[in-house]
Novice: 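Below you will find the structure I want to go over with you.
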Amino acid sequence: MTDDRSRRDRLRVSRVRRRHLARGAIGVAVISLAATSLASPAPAATKATTKASTKLTPSNNFPTLKPATGKVFTIGMTNTEGAAGGLDYPEIRTMAQSAVDYLNKRGGMGGRKIKLETCVVKASPETSAQCAQELVGKKVDAILLGLDIFPGYAAYEAAGIPVFGVLPILPGDYTAKAVLFGGGNATSMAATAAAAKLKYNAKSVAIIAADNPGTAGTVASLEGSLKKAGIAFKTVKGGDNETDAGYQGLMREAAKDNPDVLISLYGDAGCIGTIRGRASLGIKIPVLSTVICAGADVRKAVGDDLLGWAFPGAQTDTVTPERAILQAIAAPVRKIKPADVDPGALGLGALGIQGIMTMAEHANRLAATKKAVTGASLFAYFRTVRGTKVWPNLASLECGAVATYPAVCAFSFPWPSTPRTGTSPFPASRTST
Amino acid sequence: MTDYVFYLLLGSGAAAIIAAFGLGLVITYQGSGIVNFAYGGMAMWTAFVYADLRDGAYPFPIPGLPARYHFGSDVGFRWAFLLAVLTAAALGLIVYLLVFRPLRRAPALARVVASVGLVILLMDLVRGRFGDTTALRVPSILPREPVTMAEGLTIPRDGLWLAFIVFVLALALWATLRFTRVGLITRAAAENEKGAVLLGFSPDLLAGASFVIASVLGGVVAILAAPMIYLNTTVLTFAFLIPAVGAALIGEFKRPLPTFAIGMAIGMIQSVFTKLQNDLTWFPKYGAREGLPFLVIIVAMVALGERLPDRGSVNNWRLPQVPPVRMTPMTALLPAAAAIAGLLFLGPLWRGAIMTTLIAIVFALSLVVLTGFGGQTSLAQMAFAGVAGFTLSKLAVQWDIPFPIAPLLAALVATLFGLLVGLPALRVRGTNLAIITLAGGVTVGEFLFKNPDFVGDSTTGGAKVPNPKVGGWDFGLILGNKSSRPVFGIFLVVVVLVLCVLVANVRNSSTGRRCSPSVRTSEPRARSASTSPTAR
């Protein structure tokens with residue numbers, strides 16, 4: 001009995017480590033979530049003021065479409081919920097279902113009615129493999145990965161079921177046979193290096209990161225990108241959980257040689273610590289950071305200490321028909337009126353909407369070419385189409401554009417930043433590029 | 001030099017938390033003989049209670065009850081502190097009465113496992129009551145204004161204040177243990193529990209009191225430290241507790257002042273790593289900071305030998321008899337035949353379950369040999385499995401070493417790691433060994449599993465392993481358009497059968513026959529029976 005319990009606990013400890021790695025990877029991977037979602041750096045109370053074009057396009061013409069009546073298109077969705085280590089993202093599934101309900105009244109998937117078959121995984125290879133077997137057994141038309149850390153790619157490929165997903169998490173995702181709408185850590189790090197070179201003309205940078213398995217891969221990606229950009233760098237690593245003094249020490253060591261830019265890969269609690277640490281030391285060197293650090297909670301906590309920080313991938317909130325569609329989809333889940341939905345406060349739920357709507361928009365485009373909409377044809381369409389974007393008009397879709405990351409489809413990132421000086425971190429008049 | 005002093009002093013806050021937790025572990029062990037791995041988790045709950053009270057609510061930990069009682073506004077520092085400290089005391093008592101008291105006669109490993117279970121419970125409790133707490137901050141308690149000690153040496157003073165408070169607590173603990181009757185009774189019971197019982201002192205009362213006092217100490221320090229850190233489920237539970245175990249070990253779980261000194265040293269040196277990592281070209285790129293406490297533990301245990309002397313407890317638990325293994329065609333082939341039948345005729349879900357079970361049997365066999373036959377404990381088994389897995393990927397993919405040579409070599413590499421971690425087994429037993437193997441497993445994880453050169457990264461697609469093949473036969477799980485192939489499961493059945501026969505032969509060998517319970521628990525008996533404990 002003792003051995004069984006001790007073995008179970010040891011297995012649990014190793015699963016805790018795997019989840020720790022995944023949690024770190026997910027935390028930093030939310031960068032690409034924000035790059036391909038409406039996560040807005042503007043305070044929640046600020047209304048979107050910028051208006052965009054209202055011309056009807058496949059990304060916003062859903063309200064004009066008739067209810068879907070064609071043969072059912074079944075999407076199998078796997079998502080991590082109720083796993084130990086705090087890995088619990090039911091909102092991705094609930095928002096995806098809400099998007100399906102919305103679409104079935106407005107065109108479906110290229111005219112086909114959509115059915116969402118969901119399978120909950122527990123952040124373990126066994127449960128992911130089980131879900132893969134289950135969905136293969138149900139002969140779904142396509143797989144949409146929510147946040148599934150160990151997707152059963154081999155099972156899906158063996159069964160000929162195409163795989164779509166919202167973003168890569170672990171290294172295997174980048175090279176899988178899949179279409180992933182988000183860029184993930186690797187591509188967002190390339191964007192960060194590009195921002196350092198193009199926006200700041202940086203010759204040297206200092207990287208500040210936590211020393212954990214999830215961040216180690218991200219740091220490796222960033223260092224590789226900086227090398228390609230011809231930028232010298234130094235990496236300063238700290239603990240997962242530092243005291244305020246510890247974050248000050250990291251900032252001080254990073255700024256010691258007066259680099260042109262600091263790059264902070266800390267997220268969550270590290271955002272406030274590094275922001276305050278830089279401010280308390282009077283460091284003026286600009287900082288590139290993860291979009292997590294542009295969240296409303298962080299902004300409220302640090303105020304003007306945020307001046308001089310930039311967040312590659314953050315979006316500005318813009319009044320568009322797509323925004324209204326997003327609000328209409330999210331409203332039933334939040335049980336509020338659509339006008340009261342804050343697109344910037346949907347968190348990871350936005351991933352579920354984004355995945356379904358991107359698939360639906362491109363299925364409608366495919367149907368418009370008079371081709372049959374199947375899982376295989378949709379997958380092939382994504383691999384070859386150019387000039388379209390991740391819904392709702394976010395990053396351009398360029399599946400396979402980088403040979404090293406064949407599964408990744410998004411390589412462009414918007415660019416808002418705070419002013420170097422001034423009183424308001426997020427003036428309403430700024431624009432994104 | 002000024003820079004190094006700066007970073008040393010900058011780490012005083014974190015170091016004080018480590019030192020305080022070390023003292024708490026010492027108090028708990030002195031009073032009860034238990035190494036409470038849930039100590040950090042208990043302090044975490046107290047800190048969250050304090051934070052919630054400053055937000056105007058008191059959280060209830062019992063499912064079914066309302067989540068919290070709302071006061072309406074911040075109750076203020078004094079009331080929040082008092083209520084949180086009372087909660088810590090109650091938590092210490094409840095944990096002792098409900099979890100550890102029933103396990104007083106259980107083997108040390110059972111108590112270790114129970115404390116790990118308690119950690120998981122406390123973390124889930126915090127998640128349930130506080131949701132995603134990634135940036136929970138509380139108002140300042142200790143003075144925070146920077147103090148300038150010399151040119152270039154300006155540091156926040158709250159860490160220095162906390163270090164001073166913990167030093168005073170360490171002195172108080174030392175003086176209590178040294179000069180008071182209660183301290184004397186506690187030390188006596190710690191050295192000889194039977195003797196304490198004979199003299200009329202209640203070990204239960206001592207143990208319960210030690211849990212309460214330790215919990216209050218941990219709670220007080222967690223509250224004072226809360227404004228300096230960002231409360232979440234892991235920072236107090238693991239990040240500060242694990243180094244504290246190292247500090248308490250070097251203090252032999254009975255000396256408060258060395259425990260305080262080592263705890264402070266670990267925390268301050270971790271802070272200096274921020275500077276050393278770029279000043280020294282040979283500094284490890286991954287895992288150094290978190291791996292340091294574990295290296296300290298391992299080196300200390302090997303160099304200094306037994307750190308947790310036996311308490312001479314009453315009615316010690318005895319290991320069960322290990323029967324000789326009788327393998328017959330029925331006992332070996334019938335389960336194998338059933339597994340193969342399941343693999344061939346059941347659906348993919350059941351096939352997956354059978355394959356997972358077969359792999360788990362291999363892990364279980366390793367524990368049968370180690371714990372069942374050898375009476376030893378190890379919390380590093382999964383780390384060894386990880387080493388073997390990643391080594392296999394390197395050998396098979398990068399060096400093109402074919403099956404079955406690659407997996408055999410990978411197992412050999414894991415064996416070498418096992419030997420390294422097992423070296424301390426020459427000198428330590430029981431909970432000591434559990435701690436060392438835990439430290440060894442985590443050290444392997446810190447220095448190897450964080451390193452993308454070893455485990456792969458996004459450019460390599462992680463660490464891939466090719467299908468096992470012999471000649472034209474592919475035994476892989478997936479081939480072409482076929483997934484969950486039964487042939488892989490049959491391959492696993494054959495491997496498990498071979499391993500079972502090997503383990504049975506170990507038991508039935510002359511060495512294995514000498515593994516009676518009394519020999520496994522007593523090395524002098526083992527030596528007199530001409531069985532070397534180290535050979536086990």
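So you know, we letter chains A, B, ... as the sequences are listed, proteins then strands, and number each from 1. The structure presented is a predicted model; accordingly, all values stated were derived computationally and were not measured.
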Novice: Out of G224(A), G249(A), G246(A), which one racks up the most heavy-atom pairs below 4.5 Å with chain B?
Specialist: G249(A)
Novice: Out of M228(B), Q277(B), M355(B), return the one with the most heavy atom pairs under 4.5 angstrom to chain A.
Specialist: Q277(B)
Novice: Under 4.5 Å heavy-atom distance to chain A, tell me which part of F6(B) shows up: side chain, backbone, both or neither.
Specialist: side chain
Novice: Counting heavy-atom pairs under 4.5 Å to chain B, which of A216(A), G137(A), S280(A) comes out on top?
Specialist: A216(A)
Novice: Checking heavy atoms, do the side chain of P146(B), its backbone, both or neither come under 4.5 Å from chain A?
Specialist: neither
Novice: Out of T154(B), I17(B), I229(B), T274(B), which one racks up the most heavy-atom pairs below 4.5 Å with chain A?
Specialist: T274(B)
Novice: Where do R144(B) and D244(A) land on the side-chain contact (heavy atoms from CB on, under 4.5 Å) test, with the steps shown first?
Specialist: CA-CA 10 Å; R144(B) 300 197 78 181; D244(A) 276 343; 2.4 Å; yes
Novice: Going by an N to O cut-off under 4.0 Å, is there a salt bridge joining K256(A) and D3(B)?
Specialist: no
Novice: Using modelled atom types and a 3.5 Å cut-off, is there a donor and acceptor pairing between side-chain atoms of Q133(A) and backbone atoms of G352(B)?
Specialist: no
Novice: What part of A225(B) gets closer than 4.5 Å to chain A, counting heavy atoms only: side chain, backbone, both or neither?
Specialist: neither
Novice: Which atoms of A14(B) come close to chain A, meaning under 4.5 Å heavy atom to heavy atom: side chain ones, backbone ones, both, or neither?
Specialist: both
